[in-house]
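Reading through the structure tokens given below for one structure.
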Amino acid sequence: MRLHFVLYIAALVLVSSTGCTSNGSGGAPTESTLPEVIPAPAVGLVTMKQDETTLGYAVRLIGEQTGGGLVLVNGVEDRLVGPFEFNQTPRDQVASRLAVETGCAVEFGPYYHFVYPPGYESLVNVSLQGRIPKTLNRNTEGIAFGNGLPLHMLFVWIGYARGITLVPDHLIADTRSGELAIGDAPLDASLEGIFKSARLVSFVVESADDYLFIRAASNRSSGSQLLNPDALDSTRRKYLKKRATVMLPHQQSDTISMSKGAVELGTVLGSLTTQLGIRVEAERALHDLPVVPAYYHDLPVETILDLLIRQWPVPAFGYHVLADRIVIATRPGQAGLLQDKTWESRPILE
């Protein structure tokens with residue numbers, strides 16, 4: 001049975017309408033003139049009467065009525081629109097009017113229309129077409145998220161609902177989404193809309209048949225984080241190939257344990273031990289490393305451990321597989337990298 005997945009989540013962090021600055025990933029916005037708004041073929045019809053409101057709230061209402069089709073860049077959601085009245089109005093015309101009233105431009109697409117202010121034209125070039133394997137590029141069947149949510153939260157919700165693994169590194173995870181409502185669309189199109197809403201331009205998507213790893217271009221971690229491959233016997237090699245599903249920070253039977261931000265590694269070792277079926281430890285000096293909440297769906301244990309460690313964007317860490325435990329540790333000769341804490345800029349929530 002197909003799962004109809006639509007999420008309307010209130011924004012955790014509101015960004016003012018004047019906050020249309022770069023998040024660090026796409027560089028500073030530049031002065032530019034608005035391109036001409038060229039209507040696309042009508043997709044969806046809107047019937048709505050509304051007093052003056054914010055652009056973000058208007059997009060939310062339209063998404064609830066029509067099932068999606070509009071994406072806002074983070075930072076324009078508080079601009080005022082209306083009053084307006086639409087009567088069976090094509091959604092592309094609605095997007096055009098909202099853009100004109102707020103000094104924005106529109107990129108028209110087959111799955112959604114993207115509304116953005118001057119200086120963010122580079123976001124139009126963000127594309128994931130051909131970069132996601134067919135095994136994962138299934139329809140998301142409708143998603144809607146409020147402005148200001150960290151991307152790791154969106155990835156957990158989508159991954160849990162669709163039975164896939166979407167893991168960001170520490171530099172990508174806390175980037176904040178804009179208000180968006182996307183209807184029935186393949187995963188690549190939905191992720192494109194999410195990245196555009198979050199003003200994310202510089203990133204790398206590593207794909208396999210069973211996961212996507214989204215990292216910053218500066219993340220230099222290697223694919224495998226196993227530190228003692230030559231010391232493994234057949235039993236331990238077989239264990240690493242065993243498949244498991246892991247929810248971090250905590251596993252719950254029928255609900256998602258959601259966290260607004262990173263948690264300390266030391267606090268999730270017990271959860272990892274339970275879910276992986278083997279004791280998981282870490283060097284004491286690493287217990288305060290931030291762990292991004294994530295959902296790892298039906299992956300080999302070695303892949304889960306690799307992705308967990310690769311979220312830290314310096315090649316200083318790995319793991320040992322011993323006879324009775326797994327130990328997350330500092331790579332030999334890389335202790336000096338631990339002195340640079342600048343990448344740990346995301347807050348650990350108490």
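Worth knowing before you read on, the calculation uses all heavy atoms, side chains too, and leaves out hydrogens, waters and symmetry mates. Each residue takes its place number in the sequence, starting with 1.
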Could you tell me if the side chain of [Y] sits less than 4.5 Å from the side chain of [X], heavy atoms only?
{"X": "Leu55", "Y": "Glu179", "answer": "no"}
{"X": "Leu276", "Y": "Tyr239", "answer": "yes"}
{"X": "Met247", "Y": "Val156", "answer": "yes"}
{"X": "Asp306", "Y": "Phe213", "answer": "no"}
{"X": "Ile328", "Y": "Leu308", "answer": "yes"}
{"X": "Ile278", "Y": "Arg236", "answer": "yes"}
{"X": "Phe203", "Y": "Pro168", "answer": "no"}
{"X": "Val167", "Y": "Ile214", "answer": "no"}

Please give me the minimum heavy-atom distance between [X] and [Y], naming the atom from each residue.
{"X": "His170", "Y": "Pro313", "value": "CB-CD, 4.1 Å"}
{"X": "Leu45", "Y": "Gln65", "value": "O-OE1, 3.9 Å"}
{"X": "Phe155", "Y": "Leu166", "value": "CB-O, 3.5 Å"}
{"X": "Leu72", "Y": "Glu77", "value": "CD1-CA, 4.3 Å"}
{"X": "Arg131", "Y": "Ser207", "value": "O-OG, 3.4 Å"}
{"X": "Ser177", "Y": "Leu154", "value": "CB-CD2, 4.0 Å"}

(request) Check the pair Arg331, Ser222 against side-chain contact (heavy atoms from CB on, under 4.5 Å), reporting the backbone distance first and the verdict last. (result) CA-CA 12 Å; Arg331 285 181 176 272; Ser222 61; 3.8 Å; yes
(message) Quick check on side-chain contact (heavy atoms from CB on, under 4.5 Å): which of Leu200, Leu191, Asp174, Val292 does Leu151 satisfy it with?
(response) Leu200
(request) Tell me, with the steps shown, if His297 and Ile164 meet side-chain contact (heavy atoms from CB on, under 4.5 Å). (result) CA-CA 6 Å; His297 178 77; Ile164 56 179; 5.8 Å; no
(request) Go through Thr102 and Val81 one step at a time and tell me if the side-chain contact (heavy atoms from CB on, under 4.5 Å) criterion holds. (result) CA-CA 7 Å; Thr102 54; Val81 294; 3.4 Å; yes
(request) Would you please indicate yes or no on a ring centroid separation below 6.0 angstrom for Phe86 and Phe84? (result)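 That pair passes the under 6.0 Å test.
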(request) Please lay out, stage by stage, how Leu265 and His287 fare under the test side-chain contact (heavy atoms from CB on, under 4.5 Å). (result) CA-CA 5 Å; Leu265 174 61; His287 275 215; 5.5 Å; no
